[in-house]
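Letters A, B, ... are given to chains in the order of the sequence lines, protein chains preceding strands, and every chain is numbered from 1. In this text the structure is predicted, and so the values were computed from the model without any measurement.
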Amino acid sequence: MPELPEVETVVRLIRPDLEGRRIEDARVGWARTLGGVSRPAFERGVVGARVARVWRRGKYIVLDLERGGGAAGCVVGHLRMTGRMHVEPRDSDPGAYVRVSLDLDDGRVFRFVDVRKFGRFVYAARPEDVFAELGPEPLGAEFTAGWLRAGLRRKRRMLKPLLLDQAFLAGLGNIYVDEALHRARLHPLRLSNRVPGPASDRLHAAIRSTLAAAIEHEGSSFDAFYRTPEGQPGGYQDQFQVYGRDGRPCRTCGRTIRRIVVGQRGTHLCTRCQPAPRRSAGPAL
DNA sequence: AGCTACTCCTGGTAGC
DNA sequence: TGCTACCAGGAGTAGC
């Protein structure tokens with residue numbers, strides 16, 4: 001699924017194609033993609049505006065808009081499961097799943113494509129009107145080892161759902177939580193307030209190094225759906241240690257990778273590298 | 001506070 | 001072959 005590294009890859013690829021472009025027209029193929037904003041309100045918001053800046057916050061993609069040099073709201077996109085963003089020639093085949101199209105003043109078209117329709121592309125006055133409360137950026141200055149120690153201590157939650165919670169930390173999803181926990185040798189059912197300081201520091205380093213390595217590889221692809229915006233598969237899926245590797249040997253110790261379900265989410269781990277918590281609500285592993 | 005269940009969606013796949 | 005049933009899952013919401 002698109003998580004921080006995939007979203008960052010998208011932003012880097014579409015930014016040079018969008019910044020400075022004026023939006024000449026807009027078409028909406030699936031109204032719910034607009035997240036409650038009416039079609040007329042969306043069109044009023046974007047048509048005639050210029051894209052001033054393309055940036056990322058957590059898994060959100062933001063297009064700052066301006067008119068006559070002044071700020072004029074923004075579009076906040078979220079790819080959710082299967083969303084993609086492309087800037088293409090207008091006469092190219094749009095495919096069956098285009099939810100929003102923006103005609104650009106260079107003759108090309110921006111397309112928000114989303115097979116499963118979970119993605120969002122919302123016009124708002126300010127991005128904060130769309131974001132939920134978001135935790136710090138895992139690759140930003142605010143996310144320090146000390147911050148994570150304190151954050152884990154003040155919560156009493158299992159690590160897996162806590163790290164998936166965007167209000168705690170913004171940008172991790174199912175894949176990179178599993179990968180980071182394995183790298184930090186921490187069991188996903190461990191309670192956050194029982195993680196010792198040194199283990200918390202390992203987790204901090206693991207989150208940053210996992211995300212940085214994934215960005216370097218332009219994210220991960222594994223189904224036909226998950227591609228970089230250029231249509232090329234990302235490369236990080238070849239580095240997965242646990243995600244999707246259940247039944248296969250751990251690359252570190254050889255034990256068979258297991259898959260459990262935590263909060264309705266498939267969760268992959270090595271029970272030797274990531275020892276079970278001593279006393280917790282989780283099943284004995 | 002934190003957990004579970006449910007919802008939104010559809011292509012892919014397993015089972016028959 | 002062709003049908004049906006179920007699955008994946010980010011995030012929001014409701015209920016306990």
**Report entry** Short side-chain donor-acceptor distance under 3.5 Å, A:Tyr176 and A:Glu6
**Finding:** yes

Quick test: give all pairs of protein nitrogen or oxygen and nucleotides 3-5 of chain B nitrogen or oxygen below 3.5 Å, distance rounded to 0.1 Å.
{"residue": "B:dC3", "atom": "OP1", "partner": "A:Met158", "partner atom": "N", "Å": "3.2"}
{"residue": "B:dC3", "atom": "OP2", "partner": "A:Arg157", "partner atom": "NE", "Å": "3.2"}
{"residue": "B:dA5", "atom": "OP2", "partner": "A:Gln264", "partner atom": "OE1", "Å": "3.0"}
{"residue": "B:dA5", "atom": "N7", "partner": "A:Gln264", "partner atom": "NE2", "Å": "3.1"}

**Report entry** N-O pairing of A:Lys117 and A:Asp114 below 4.0 Å
**Finding:** no

Query raised in the report: For the pair made of CG in A:Asp114 and P in C:dA8, what is the distance, rounded to whole Å?
Result: 19 Å

**Report entry** Given A:Lys160, A:Arg157, A:Arg265, the one that forms salt bridge (charged side-chain N to carboxylate O under 4.0 Å, His left out) with A:Asp165
**Finding:** A:Arg157

Query raised in the report: OP1 or OP2 of B:dG11 less than 4.0 angstrom from a side-chain nitrogen or oxygen of A:Tyr97, does that happen here?
Result: yes

Report summary line: Contact string for nucleotides 10-16 of chain C, one letter per nucleotide 5' to 3', B = base within protein heavy-atom range under 4.0 Å, S = sugar-phosphate only, - = neither, reads BBS----

Query raised in the report: Are A:Val130 and A:Leu134 co-members of a hydrophobic cluster defined by side-chain heavy atoms under 4.5 Å apart?
Result: yes

Report task. Look at A:Glu137 together with A:Arg57 and state whether they make a salt bridge at an N to O cut-off of under 4.0 Å. Result -> yes

Query - A:Arg56 bridged to A:Glu8 by N-O distance under 4.0 Å - result: yes

Query raised in the report: With distance as the sole criterion, is a donor-acceptor pair present between the side chains of A:Arg183 and A:Ser209 under 3.5 Å?
Result: yes

Query - Joint hydrophobic cluster, A:Val75 plus A:Leu18, side-chain heavy atoms closer than 4.5 Å - result: yes

Query raised in the report: Salt bridge between A:Arg111 and A:Glu88, side-chain N to carboxylate O under 4.0 Å?
Result: yes

Query raised in the report: Between B:dA1 atom C1' and A:Phe168 atom CZ, what is the distance in whole Å?
Result: 14 Å

Query raised in the report: Would the A:Phe42 and A:Tyr123 ring centres measure less than 6.0 Å apart?
Result: no

**Report entry** Rounded distance in Å - CZ (A:Arg116) to P (B:dC9)
**Finding:** 13 Å

Query raised in the report: Tell me: NZ of A:Lys160 to C1' of B:dG2, nearest whole Å?
Result: 17 Å

Query - N or O in side chain of A:Lys155 less than 4.0 angstrom from B:dA1 OP1/OP2 - result: no

Report summary line: Angle separating the five-pair end axes of the helix from B:dG2-C:dC16 to B:dC16-C:dG2, nearest 10°, is 50°

Query raised in the report: Can A:Glu19 and A:Arg50 be counted as an ion pair, charged N to O under 4.0 angstrom?
Result: no

Query raised in the report: Over how many whole Å does the gap from A:Leu159 atom CG to B:dG2 atom C1' extend?
Result: 14 Å

